[in-house]
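The first residue of the sequence shown is numbered 1, and numbering continues consecutively from there.
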Amino acid sequence: MKKFKTIAATLLTALSACKSIQPENSDYLEAKHHLDSAQFSIEQLDALSSQQEPTPNKKELMSTFLKETHSATPALERLATKNNAWAQYRLGLALTAPFTTPEERNRSCPLFKKSASQGYLPAIYALAGMCSKEITQAQLILLLEQSLNDSEKFDMYYPTPAMIYRRCHKNMPYALAMPNLTKSAFEAEAYFDLSMATPAKTPEQRGKRLAYLEAAKKRDCPAAQRHIDNLPPYRI
């Protein structure tokens, strides 16, 4: 009898947990499952040696990447319509995959813009890199600052593929896969970029640039230390 009550209690707890899962969470888990599989396939494709691996293996990996990316889009669409910044960004990336129609590709920039306006750092970089006509330098700086001041709300959405030119670490020019960056790696790039956009003509400006560089260095940005070492002293 005691064993029966224990099993019943366990089942009730499990049912209660299932009821507490919101549709948004289900869509997120579904989309993430497919996107993770797509990322793994494209990274495996990058790892193949073009001269040593047979072509069918590459075709299969590319086919899996495209299939999994496509399979993620319905859940992403549902989340994006609910103003989920992560989904808007990932849907925008999905629409840049090979063989996507021009009409679908044209949806990417508006999606990046919606996500970036909520402060999602990966989307800010995608907007600046792919949709440069949609954002000014001043707007980019403001978005980066706002994002870094309120980044905790997106903690669960990292690591994520990055449409970014990295200044802190070496870029992989021949890779098909976008680098899958942590939150700290994104922030390192953002702080470093803000430091480069900050003049150092006054003590206040110099202090602000140094603070940005220190924040980037703290997040493993070797380039930041070089700039700290070369930062000229302020002279009256």
Side-chain angles (χ1 to χ4, degrees), residues 39 83-90 92-93 96 108-175 177-236:
Q39 181 72 10
N83 213 31
N84 181 287
W86 172 83
Q88 290 165 343
Y89 170 66
R90 295 305 300 265
L93 288 187
T96 67
S108 291
C109 285
L111 285 164
F112 291 149
K113 195 169 186 178
K114 288 179 181 178
S115 180
S117 68
Q118 297 185 66
Y120 190 43
L121 192 50
I124 295 171
Y125 274 106
L127 182 64
M130 214 182 139
C131 320
S132 55
K133 293 182 180 179
E134 301 287 332
I135 185 171
T136 66
Q137 181 68 9
Q139 289 171 334
L140 173 60
I141 292 170
L142 183 60
L143 282 174
L144 289 177
E145 290 174 338
Q146 291 174 342
S147 174
L148 291 168
N149 288 331
D150 189 26
S151 61
E152 291 80 7
K153 62 183 178 181
F154 297 120
D155 282 356
M156 69 177 288
Y157 297 129
Y158 292 95
T160 194
M163 187 176 285
I164 187 174
Y165 181 82
R166 303 182 71 184
R167 298 175 187 271
C168 290
H169 291 277
K170 186 177 180 181
N171 293 279
M172 302 296 289
Y174 303 112
M178 296 178 195
N180 210 29
L181 300 187
T182 63
K183 176 185 174 184
S184 180
F186 271 106
E187 289 182 346
E189 299 293 338
Y191 278 117
F192 186 78
D193 286 339
L194 285 172
S195 75
M196 294 296 96
T198 304
K201 296 180 180 179
T202 67
E204 292 78 12
Q205 290 173 340
R206 187 183 184 282
K208 190 175 182 180
R209 178 186 283 188
L210 182 58
Y212 283 143
L213 288 170
E214 291 286 1
K217 176 188 172 184
K218 183 180 178 181
R219 290 162 176 79
D220 187 29
C221 180
Q225 183 60 61
R226 295 195 295 272
H227 281 268
I228 290 172
D229 294 339
N230 295 325
L231 190 62
Y234 177 73
R235 293 186 177 87
I236 298 177

Evaluate the side chain to side chain contact (heavy atoms under 4.5 Å, CB included) criterion for residues His227 and Met196: first the C-alpha distance (whole Å), next the side-chain angles of each, then the deciding distance (0.1 Å), finally the verdict. CA-CA 9 Å; His227 281 268; Met196 294 296 96; 3.5 Å; yes
Please enumerate all residues that pass salt bridge (Lys or Arg N to Asp or Glu O under 4.0 Å) together with Lys208, with sequence neighbours excluded. Glu145
When rounded to the nearest 0.5 angstrom, what distance separates CD in Gln146 from CD1 in Ile124? 8.0 Å
Flag, side chain of Ser132 to backbone of Gly129, donor-acceptor distance under 3.5 Å: no
Surrounding CE of Met172 (heavy atoms of other residues, nucleotides or ligands, distance under 6.0 Å), is the total greater than 12? no
Determine, step by step, whether Thr160 and Leu181 satisfy the side chain to side chain contact (heavy atoms under 4.5 Å, CB included) criterion, reporting the C-alpha distance in whole Å, the side-chain angles of both residues, the deciding distance to 0.1 Å, and the verdict. CA-CA 6 Å; Thr160 194; Leu181 300 187; over 6 Å; no
Would you mind reporting whether Leu111 and Leu93 have side-chain heavy atoms less than 4.5 Å apart? no
Where Tyr89 and Ala123 come nearest, the two heavy atoms and their spacing: CD1-CA, 3.6 Å
List for me each residue that meets side chain to side chain donor-acceptor pair (under 3.5 Å) alongside Lys217, sequence neighbours excluded, and say none if there are none. Gln225
Begin from the C-alpha positions of Leu231 and Ile228 and carry the test side chain to side chain contact (heavy atoms under 4.5 Å, CB included) through to its verdict. CA-CA 5 Å; Leu231 190 62; Ile228 290 172; 5.7 Å; no
So does Lys218 get a backbone contact from the side chain of Tyr191, meaning a donor-acceptor N/O pair under 3.5 Å? no
Could you tell me if Gln118 and Gln88 have a donor-acceptor pair between their side chains, going purely by distance under 3.5 Å? yes
Would you give the length of the straight line joining atom CD1 of Ile164 to atom CE of Met130, rounded to the nearest 0.5 angstrom? 15.5 Å
For the side chain of Ser115 and the backbone of Phe112, is there at least one donor-acceptor N/O pair under 3.5 Å apart? no
Close side-chain approach of Leu194 and Leu148, heavy atoms under 4.5 Å: yes
Could I get the full list of salt bridge (Lys or Arg N to Asp or Glu O under 4.0 Å) partners for Arg166, not counting sequence neighbours? Glu189
Rounded to the nearest 0.5 Å, what separation is found between the OH atom of Tyr120 and the CH2 atom of Trp86? 8.0 Å
Minimum heavy-atom distance between Pro222 and Cys168, given as atom pair plus value: CD-O, 3.4 Å
Nearest 0.5 Å please: distance from the CD1 atom of Ile141 over to the CG atom of Leu144. 8.0 Å
Might you confirm whether atom NZ of Lys183 has over 12 heavy atoms from other residues, nucleotides or ligands at distances under 6.0 Å? yes
Centroid-centroid under 6.0 Å between Tyr212 and Phe192 rings: no
Please check: side-chain N/O of Gln205 versus main-chain N/O of Lys201, any donor-acceptor pairing under 3.5 Å? yes
Measuring from Tyr125:OH to Phe186:CZ, what's the distance to the nearest 0.5 Å? 9.0 Å
Taking the side chain as everything from C-beta on, heavy atoms only, tell me whether Gln39 gets closer than 4.5 Å to Pro161. yes
Verdict with supporting geometry, Ile135 and Leu143, side chain to side chain contact (heavy atoms under 4.5 Å, CB included): CA-CA 10 Å; Ile135 185 171; Leu143 282 174; 3.7 Å; yes
Distance col, row Ser117:OG vs Gln139:CD, nearest 0.5 angstrom, shows 11.5 Å
Taking the side chain from Glu187 and the backbone from Ser151, do they hold a donor-acceptor pair closer than 3.5 Å? no
Any donor-acceptor N/O pair, Thr198 side chain to Arg209 backbone, under 3.5 Å: no
With distance as the sole criterion, is a donor-acceptor pair present between the side chains of Tyr157 and Asn84 under 3.5 Å? yes
Taking His169 for the side chain and Asp220 for the main chain, is one N or O donor matched with an acceptor at less than 3.5 Å? yes
